[in-house]
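Structure record follows, encoded as structure tokens.
What's counted below: heavy atoms across the whole structure, side chains too, no hydrogens, waters or symmetry copies. Just so it is clear, the structure is predicted and the values come from calculations on it, not from any experiment. Just follow the structure's listing: the first ligand is 1, and inside any ligand the first atom is 1.
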Amino acid sequence: MKLPHGCTIRDLTTHGDERGNLTEIFRLEWGAGIEPVQWNFVRSTANVLRGVHVHVIHSDYLVCLEGTLVLALSDIRPESPTRGLATTIALKGSSMQAALIPPGVAHGFHFPEPSSLCYSVSHYWNVIDEIGCRWDDPALGLDWQVSDPELSPRDTTAGSAAEMTRQYLAVREQLRTGRE
Ligand SMILES: Cc1cn([C@H]2C[C@H](O)[C@@H](COP(=O)(O)OP(=O)(O)O[C@H]3O[C@@H](C)C(=O)[C@@H](O)[C@H]3O)O2)c(=O)[nH]c1=O
């Protein structure tokens with residue numbers, strides 16, 4: 001499966017015994033492309049959809065611990081070799097994988113069943129870095145296979161993918177010039 005440039009999916013090894021099981025979900029030495037500063041734990045009820053969001057600053061590193069996470073990715077970076085590439089991948093708690101999403105790759109999470117997600121970020125949560133759009137805007141190129149998901153108020157009133165891209169580029173430029 002082709003992923004947007006810089007995204008990775010890593011298979012994790014689960015060690016089972018009579019008590020249950022244990023899975024290492026992150027080691028710095030794996031070179032996963034992130035040095036986390038914050039970890040979040042998220043529970044979602046069935047048919048919740050979070051996103052679509054894109055970040056200018058931070059990368060996300062996520063593992064579905066229980067249930068199913070359908071991860072949707074859409075590359076909005078104008079300079080990316082995979083610009084416009086969009087795909088969906090099912091990550092399962094029963095066979096854990098870790099996904100890395102770099103800045104500029106718009107993403108959404110759909111949970112078809114009650115699910116738990118653990119994710120870390122490369123930079124502390126900052127509302128400036130929370131840019132989003134309507135999850136079902138056709139311009140994202142995503143084949144969600146979802147109807148009428150549960151959304152947050154913010155995601156329900158989000159604008160178009162074109163507006164999200166404009167905002168992403170404006171914030172990126174603002175941060176670049178602010179650094180100079
Ligand atoms: C993301 C985040 C939220 N919050 C708070 C804000 C709010 O009160 C509550 C729920 O936040 P949100 O509605 O923004 O959560 P959510 O819609 O799940 O936001 C997440 O969506 C996925 C798709 C991502 O890409 C994440 O980076 C993040 O944007 O938690 C924090 O305190 N720290 C955090 O790191």
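At the shortest separation from atom 14 (O) of ligand 1 among protein heavy atoms lies R154 NH1, 3.3 Å. For atom 17 (O) of ligand 1, the closest non-hydrogen atom of the protein is H53 CE1, 3.5 Å. Among all protein heavy atoms, the one lying closest to atom 16 (P) of ligand 1 is R50 NH1, 3.9 Å. Regarding atom 26 (C) of ligand 1, its nearest protein heavy-atom neighbour is Y119 OH, 3.5 Å. Scanning the protein heavy atoms around atom 27 (O) of ligand 1, the nearest turns out to be H55 NE2, 3.0 Å. Counting protein heavy atoms only, atom 29 (O) of ligand 1 is closest to E130 OE1, 2.5 Å.
R172 and E79 are joined by a salt bridge, as a carboxylate oxygen and a charged side-chain nitrogen come within less than 4.0 angstrom of each other. A salt bridge between E29 and R27 is present, with a side-chain N of the basic residue lying under 4.0 Å from a carboxylate O of the acidic one. A salt bridge links R154 to E130: at least one charged side-chain nitrogen sits closer than 4.0 Å to a carboxylate oxygen.
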Could you tabulate the donor-acceptor pairs under 3.5 Å formed by side-chain atoms of residues 95-105, not counting sequence neighbours?
from, atom 1, to, atom 2, distance (Å)
Q97, NE2, D11, OD1, 2.7

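For atom 35 (O) of ligand 1, the nearest protein heavy atom lies closer than 4.0 Å. Note that atom 11 (O) of ligand 1 has no protein non-hydrogen atoms nearby, at separations under 4.0 angstrom. Atom 24 (C) of ligand 1 is approached by the protein to below 4.0 angstrom, counting heavy atoms only. Not a single protein heavy atom sits closer than 4.0 Å to atom 7 (C) of ligand 1.
Annotation for ligand 1: atoms under 4.0 Å from non-hydrogen atoms of H107 are 24 (C), 25 (O). Set against the non-hydrogen atoms of D60, the atoms of ligand 1 under 4.0 Å away are 25 (O), 27 (O). Those atoms of ligand 1 that come under 4.0 Å of a heavy atom in H58, given as number and element, are 27 (O). Atoms of ligand 1 lying under 4.0 Å from any heavy atom of Q38, numbered from 1 in the order shown and given with element: 34 (C), 35 (O).
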Take N21 and T14 through the test side-chain hydrogen bond (donor to acceptor under 3.5 Å, both in side chains) and record every step on the way to the result. CA-CA 6 Å; N21 60 56; T14 294; 5.2 Å; no
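The closest approach between a heavy atom of Y124 and any atom of ligand 1 is not below 4.0 Å.
Here the closest non-hydrogen pair linking L73 and L3 is CD1-CD2, 4.2 Å.
In this structure, the separation between CG on N47 and OG on S147 is 7.0 Å, given to the nearest 0.5 Å.
Where the criterion is an N or O separation shorter than 3.5 Å, residue side chain and backbone included, W125 fails it with respect to ligand 1. Below 3.5 Å of separation, one finds no N or O of S152 facing any N or O of ligand 1.
No side-chain heavy atom of E35 sits less than 4.5 Å from a side-chain heavy atom of Y61. P114 has its side chain out of reach of T45: every pair of non-hydrogen atoms, C-beta onward, lies at least 4.5 Å apart.
Listed by chain and residue number, nothing satisfies the ring-ring contact (aromatic ring centres under 6.0 Å, His included) test with H53 (two or more places apart in sequence, or in another chain).
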